[in-house]
There are 2 protein chains.
Amino acid sequence: MDRITRDTVLDTAMRLVMESGIENLSMRKLAAELGVAVTSIYWHVGNRDVLVDQLVDRVIAEMGAISVDGSTPVERVVSIARSTRRKILERPHLVGLVRERGLESLMMLPARKALVHEMTAAGLRGARAGEAVQAVQYQVAGFVMLERALENSAAEPPAVDEWRAELARDDAELADSLSNVTDGDRLFVLSVRALVESLLG
Amino acid sequence: MDRITRDTVLDTAMRLVMESGIENLSMRKLAAELGVAVTSIYWHVGNRDVLVDQLVDRVIAEMGAISVDGSTPVERVVSIARSTRRKILERPHLVGLVRERGLESLMMLPARKALVHEMTAAGLRGARAGEAVQAVQYQVAGFVMLERALENSAAEPPAVDEWRAELARDDAELADSLSNVTDGDRLFVLSVRALVESLLG
DNA sequence: CCACCGGTGTAACAGTGTTACAGAGCAACC
DNA sequence: GGTTGCTCTGTAACACTGTTACACCGGTGG
């Protein structure tokens, strides 16, 4: 009957998630790993939902402050976006975690404060600034989510394959680049810069 | 012992999903609704995964062709994006469906062909064109997913609330617009147009 | 000593996807 | 007609899941 604490529960849960993904985390497995009965977990944590919430909070907090580089407002915002993307990609389990809990969490990343700061520094005020912040966060979060989802995407249905074969006769390089992104970072920076330039212009 | 077919199974499953969401669709409920045993469903459909796959295919096929308006390439691509967004928002269950199955499906929407057409018509070739198509689809899909997720987002943690209160002293309108997007369509079109102008420029 | 309380364990409930197996009904062939 | 074979359905189970009612144990305060 080793005593456990809320922290040891979260630690072990985090370890299990990092080892085999959120989809393989169950209360019973967690209890077994802790050498304890399920009820203890419920006593300390309360719920599976709050457990996952706590894990998300941990990962986001652990991401720490994002770096802001560049002299012009556009470059500074782009660097925020880039740093955010890098930090998310460094934590593969975060995407699974967030996808189970809801994508809302991605919007309260540390990046949000930095973005607000930069937008107001660039002269944007009120709803205009708020929308700009959201637009950038939408783009970053959406891009990274899809990027990781498509990374390990399964085989495509015959109809799509057929279409691509037909397309390949006209432009083989195009057809090929549609199946896998060659340089995600370049595309990402390109997209974000385009958006930000328009928002701040 | 009423005989069922693969189509009646999919029809009923679709109805159940539209009524109470994908998260409330179970093989047993579906069987009960059909007045049949679970094994029959497995015989006709095979699996829960392929069932959901079929549902996604149905919804996407049902979306039909997307409309392309505008005279300039930029306006035509923007109209594709806008039409895609509208069609997705018109089908609330699609987001849940796609979120359970994986976001990959969103990338083979009818829009893909139309985008390829427009990009090549605008003079883009090879990897450049492929990346442009993907960039637009990333932005559209990411935007809509997050838009719907944030729509019914729960209360935020105290820390975030506190920060917003502090922010509200400087710029109340900004703080307010950060919690809910006032005009999603305007922000969407703004973002997409910015991206497309840069991609085609 | 005894009562309380934080923490744990047992065992169950209700639900999930999935399948081994036994049949029913029907068509085709000998 | 009898028999075989195929399609489809039903029973019952396996191995899970999250969650909880309830009993219990160990220590601390009165």
Side-chain angles (χ1 to χ4, degrees), chain A residues 1-58 93 95-102 104-105 152 154, chain B residues 1-58 93 96-102 104-105 154:
Chain A
M1 63 173 67
D2 296 0
R3 290 293 173 84
I4 62 176
T5 66
R6 187 186 172 93
D7 275 338
T8 63
V9 173
L10 293 179
D11 288 344
T12 320
M14 196 69 237
R15 186 167 54 78
L16 290 185
V17 167
M18 288 195 295
E19 281 173 13
S20 46
I22 179 70
E23 66 274 11
N24 283 66
L25 175 73
S26 80
M27 306 302 263
R28 283 182 175 81
K29 284 181 191 165
L30 179 53
E33 191 74 21
L34 286 161
V36 107
V38 267
T39 38
S40 295
I41 301 178
Y42 280 90
W43 199 94
H44 284 285
V45 177
N47 213 340
R48 186 179 195 272
D49 281 350
V50 325
L51 197 163
V52 178
D53 273 343
Q54 296 295 323
L55 294 186
V56 173
D57 286 352
R58 278 203 166 196
H93 47 283
V95 174
L97 226 46
V98 159
R99 213 166 108 174
E100 164 156 338
R101 271 309 294 155
E104 306 88 355
S105 344
N152 33 345
Chain B
M1 63 172 68
D2 296 1
R3 290 295 172 82
I4 61 176
T5 65
R6 188 185 171 93
D7 275 338
T8 63
V9 173
L10 292 179
D11 287 344
T12 321
M14 196 68 237
R15 186 167 54 79
L16 289 185
V17 166
M18 289 194 295
E19 281 173 11
S20 48
I22 178 71
E23 65 274 10
N24 284 64
L25 176 72
S26 81
M27 305 303 263
R28 283 183 175 79
K29 284 181 193 166
L30 180 53
E33 191 74 20
L34 285 161
V36 108
V38 266
T39 39
S40 296
I41 301 178
Y42 280 90
W43 198 93
H44 284 285
V45 177
N47 213 339
R48 187 178 195 273
D49 282 350
V50 324
L51 197 162
V52 179
D53 271 343
Q54 296 294 323
L55 294 186
V56 173
D57 286 352
R58 279 202 167 197
H93 46 284
L97 227 46
V98 159
R99 212 165 110 177
E100 163 156 339
R101 269 307 293 155
E104 306 88 356
S105 345

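Only a predicted model underlies this, so the values are computations on that prediction, with no experimental measurement involved. Letters A, B, ... are given to chains in the order of the sequence lines, protein chains preceding strands, and every chain is numbered from 1.
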Which of dT18(C), dT20(D), dC8(D) is nearest the side chain of Arg28(B)? It is dT18(C)

Of the nucleotides dT8(C), dT11(D), dG17(C), which one has an atom closest to the side chain of His44(A)?
dT8(C)

Kindly say if Asn47(B) contacts the phosphate of dT18(C), meaning a side-chain N or O under 4.0 Å from OP1 or OP2.
yes

Output the single nucleotide from dG10(D), dT8(C), dG17(C) whose closest atom is nearest the side chain of Ser26(B).
dG17(C)

Using atom CG of Leu30(B) as one end and atom C1' of dT16(C) as the other, report the distance to the nearest whole Å.
14 Å

Any sub-3.5 Å donor-acceptor pair from His44(B)'s side-chain atoms to Val9(B)'s backbone N or O?
no

In whole Å, I'd like the distance from the CD atom of Glu100(B) to the C1' atom of dG17(C).
12 Å

Base of dG9(C), side chain of Thr39(A) - is there a donor-acceptor contact under 3.5 Å?
yes

Looking only at dT9(D), dG7(C), dT18(C), the nucleotide nearest the Trp43(A) side chain is dG7(C)

Please tell me which of the listed nucleotides, dG17(C), dG9(C), dC8(D), lies nearest to the side chain of Met27(B)?
dG17(C)

Please report the distance, rounded to the nearest Å, between CG in Leu25(A) and C1' in dC16(D).
14 Å

Shortest non-hydrogen pair, His93(B) vs Val17(B), comes out as CB-CG1, 4.0 Å

Without decimals, in angstroms, what is the distance between Asp49(B) CG and dT16(C) P?
16 Å

Taking atom C1' of dT17(D) as reference, at what distance in whole Å does atom CG of Leu51(A) sit?
15 Å

Sidechain N-carboxylate O distance under 4.0 Å for Arg48(A), Glu100(A)
yes

For residues Asp11(B) and Arg58(B), report the shortest heavy-atom separation together with the two atoms involved.
OD1-NH1, 2.6 Å

Whole angstrom value for the distance that separates C1' of dG15(C) from CD of Glu23(B)
15 Å

Nearest whole angstrom, please: distance from the P of dT9(D) to the CG of Leu34(B).
10 Å

Phosphate OP1/OP2 of dG7(C): any Arg3(A) side-chain N/O under 4.0 Å
no

Between CD1 of Ile4(B) and C1' of dG10(D) the distance, given in whole Å, is 12 Å

Looking at every non-hydrogen atom in both residues, tell me the closest pair between Leu10(A) and Leu55(A) and how far apart they are.
O-CD2, 3.8 Å

Nearest-nucleotide pick for Tyr42(A), side chain only, options being dT19(C), dT20(D), dG10(D)
dT20(D)

